[in-house]
Structures are given as structure tokens and as C-alpha cells.
2 protein chains.
Amino acid sequence: MLRLSKRADYALMAMKHLAVNGPLRAASTREISQAYDIPVELLAKVLQRLARAGLLTSQQGIHGGYQLSRPAPQISVAEVIEAIDGPLTMTACSEVDESCDQYSRCNVRDPLWRIKKRIVSALSESSVADLAADSAVSSPVMFHSPGREATVGTGQ
Amino acid sequence: MLRLSKRADYALMAMKHLAVNGPLRAASTREISQAYDIPVELLAKVLQRLARAGLLTSQQGIHGGYQLSRPAPQISVAEVIEAIDGPLTMTACSEVDESCDQYSRCNVRDPLWRIKKRIVSALSESSVADLAADSAVSSPVMFHSPGREATVGTGQ
DNA sequence: CAATCCCCGACTGGTTTAGTCGTATTTTAG
DNA sequence: CTAAAATACGACTAAACCAGTCGGGGATTG
Ligand code: SF4
Ligand code: SF4
């Protein structure tokens, strides 16, 4: 159904949180999990994978946490998703996996791969900064924007 | 992982088959299933759904089968996928489904929906004619089979 | 009337995924 | 030095999903 996993979803939320919440301060797993009501152990695993993929830097210890390892505009959502869910493929087959039963007779492989490329580029062109720019709700400090399109308060 | 289901995959293969294999002749489920080595009962269900969605017309009886209900260029792959897998959503939430636990606090919903729109439009701009145009060479069916009783001796 | 084809829903087994648990390691406050 | 706070890692479970199967119908043609 062309759906991305909940893990990836959480990853993007965390990335946006880290982008909005000052790239200077480190945010702990607990802080993020409480902010968005995400099971803490699950989020922990997600953040660890992001760190291992080089998108985040981790700092252990009492005042530790995670920070973006690069400026937000230089991190694409495609990278984030791939770090969590592996290479994003639209079909069961791929350039490196021909294990599909219909591979030899399939007549839509190539056209479908072309469509996949368009999707990937769409995801590559969006950065987490774009996510953050949209509507910076839930940030403790945010400047008041003149009344246009104020998202209805989430009363947090 | 942003992957479409096998069913949708089969549906696209069948649609291309019907587009290439003359929009005049009706093709039976058996014919298509044999051409691409797809389990016949599974393909049957897929074709039925496509018919119910109005993308195919069915003809019962001894020389029946399926035909495209519209010219191939006017059928988008988005339609085909949605007919099989339901409305294509990239996240667990949607305009009509707020059942996600994080819905109220989520900070990536809107930006993600915007990306989804780009993907949907990419799928809507591709027609099954485009699939067929790609490499029209790959139709592994014989053209010379009108009504011939070419039953191979399968010793029934 | 019988062969061929579409129609429909219920079922099953395997895979994937969301979420949990337990334990170890690193850092810093006191 | 020690305890608290934090990341790191892997094994585990329950539920959801999905590919594929079965069986009972009904329509069309010759
Ligand atoms: S080979 Fe064809 S049928 Fe198999 S996964 Fe790729 S596109 Fe789908
Ligand atoms: S509300 Fe947010 S977290 Fe929940 S499915 Fe939608 S985008 Fe994902």
C-alpha cells in the first residue's frame, strides 16, 4: 500500500524535533518519547539506528542525548527512511534481488523502476529542514508568526 | 518500506497485458496467469476487483474474459493500485483516519502529506499505456491462437 | 446439457512489524 | 568512589498483514 513503517515515522518526528529544538542542545530519548508519546524503548532503537547510520551523534552520560550530525537542510527524508527501513524499493524485486517468481517473465519491472526513481528523487529533495519549516508546533521557544495559518493549538 | 503489494504488481502486469494484447480481444484469467506464471486463483481475485472498480469489463461464458473498459492512456497506475490496495496512503493516518496514537502531537503529519501528494501525482501521471510503451517487445504470448483447439496433451 | 469462464467469500500458513524486557556500558554529579 | 542518568544491544512476544488456497456458485455458448 505504499506505506512507510511506524519506525520511519517516529524517526522523522525525532529528526524534526532535533532540528527545531536547537541543534546545539542534545535531546535525550526520554525527552522526545514524552513529547510525542512514543514508547521509549522503541524510540531508543530508532535513534540508535539513526546514530549508526551517521545521521545523529550520540553523547552518553548524565547530560547526554542525540544531536543532528549535519545541518538540517543537508539531511534528506530519503536518508532517514532508508536508515530505518533499509533501501526503499517499490517492488519485491530490485537491481540486486531477483528472487521474485515472475522476474523472468515480468513485463512491468522496468517501467515500475522508473516510477520508483521519481519517488526517490521526490524524497531526496525534501530535507528535514523542510519538515521543520512547515509549522513549528510543539517547540518550547518559537517566534509568533502573524496570524496566518496558525495550526489549532494542540494544547500541550 | 514504501512497497506496493504483490497483488497490485499482478494487477499492473495484467493491465499491461490487456493493453498490449489488443484491446479488441478478451483475455481470460487462465491465459494471463499462464503467460506470467501467476497463481490463477489469486489473479482471478485481482481481476475481479479491477472489474468491480470499473477498470475492466468482464464477459462470462465460453469465450469470455476481460477487456480494458477505457483506452489505456486514460487509465493511470494510481487508479490500478488504489483499486487493489485501497486508497494509497504513506502514513497510518489520513484525512479520514486519525486513529494514530500520536495524531494530536504529531509534528510531521502535514509535511508528510504534502510529500504524499507529490507521489500520488507521479503515479497519476503514468498511464498503463506508458507501461506498455516501455518495451512492447516483452509480450510472451502467441498471436496466432483464435479459437484453435490447441490442447496440448496434458493427459486430462 | 456440459464445458468454460467469471463471481464471491472464507480459510490457512508464513512473514513482518509494533512493542517489550533484560542487561551491559559510558559519563558525570555529589 | 558510587549512584544516577543516559545510550547500546539483542532476544523475545503478540498482533497484523499478506500471498496463496479451497469450495460453492452462476452465466454463456455450442
Ligand atoms: S519482477 Fe515484476 S512481478 Fe516480480 S517484483 Fe519485480 S515488478 Fe513485481
Ligand atoms: S499522525 Fe503523525 S505519527 Fe501518526 S501516522 Fe500520521 S504522520 Fe505518522
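Naming convention: chains lettered A, B, ... in sequence-line order (proteins, then strands); numbering from 1 in each chain. Because the structure is a prediction, the values reported are computed rather than measured.
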Checklist entry - Within the pair B:Thr29 and C:dC5, is there a side-chain N or O less than 4.0 Å away from OP1 or OP2? => result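 It does not, given that no N or O in the side chain of B:Thr29 lies less than 4.0 Å from OP1 or OP2 of C:dC5.
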
Between [atom2] on [N] and [atom1] on [X], what's the gap in Å once rounded to a whole number?
X       : N      : atom1 : atom2 : value
A:Gln48 : C:dT23 : CD    : P     : 17 Å
A:Leu56 : D:dA6  : CG    : C1'   : 15 Å
B:Leu50 : C:dC8  : CG    : C1'   : 16 Å
B:Gln34 : C:dT4  : CD    : P     : 13 Å
A:Leu47 : D:dC9  : CG    : P     : 13 Å
A:Arg49 : D:dT7  : CZ    : C1'   : 16 Å

Next on the checklist: Does the protein touch nucleotides 14-20 of chain C at the base, only the backbone, or not at all? Give it as B, S and - per nucleotide, heavy atoms under 4.0 Å.
Outcome noted: ---SSBB

Item to check | Nucleic acid footprint by protein, nucleotides 25-30 of chain D - heavy-atom cut-off 4.0 Å, B for base, S for sugar-phosphate alone | outcome: --SBS-

Can you name the closest pair of heavy atoms from [X] and [Y] and give their distance?
X        : Y        : value
A:Leu12  : B:Leu112 : CD1-CD1, 3.9 Å
B:Ala92  : B:Asp97  : O-OD2, 3.6 Å
A:Ser126 : A:Ala122 : OG-O, 3.1 Å

Next on the checklist: With clusters defined by side-chain heavy atoms of hydrophobic residues (ILVMFWY) lying less than 4.5 Å apart, directly or transitively, does B:Tyr103 cluster with B:Met90?
Outcome noted: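 Result: no, two separate clusters.
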
Next on the checklist: Using side-chain heavy atoms (C-beta onward) and a distance below 4.5 Å, is B:Glu82 in contact with B:Pro87?
Outcome noted: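 Touching, per the 4.5 Å side-chain cut-off.
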
Next on the checklist: Quick check: do B:Leu56 and B:Leu68 have side-chain heavy atoms less than 4.5 Å from each other?
Outcome noted: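 When only atoms from C-beta onward are counted, B:Leu68 and B:Leu56 do touch, with a gap below 4.5 Å.
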
Checklist entry - What is the distance from atom CG of B:Leu131 to atom OG of B:Ser76, rounded to the nearest 0.5 Å? => result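 That separation rounds to 10.0 Å.
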
Item to check | Interatomic spacing from CG in B:Leu50 to CZ in B:Arg7 - rounded to 0.5 Å | outcome: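 Taking CG in B:Leu50 and CZ in B:Arg7, the distance rounds to 12.0 Å.
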
Item to check | B:Met13 vs A:Arg105, side chain to side chain contact (heavy atoms under 4.5 Å, CB included): CA-CA, chis, key distance, verdict | outcome: CA-CA 10 Å; B:Met13 292 171 72; A:Arg105 307 188 179 192; 5.8 Å; no

Checklist entry - Picking from D:dT7, D:dC9, C:dC6, which would you name as closest to the side chain of A:Arg52? => result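 That would be D:dC9.
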
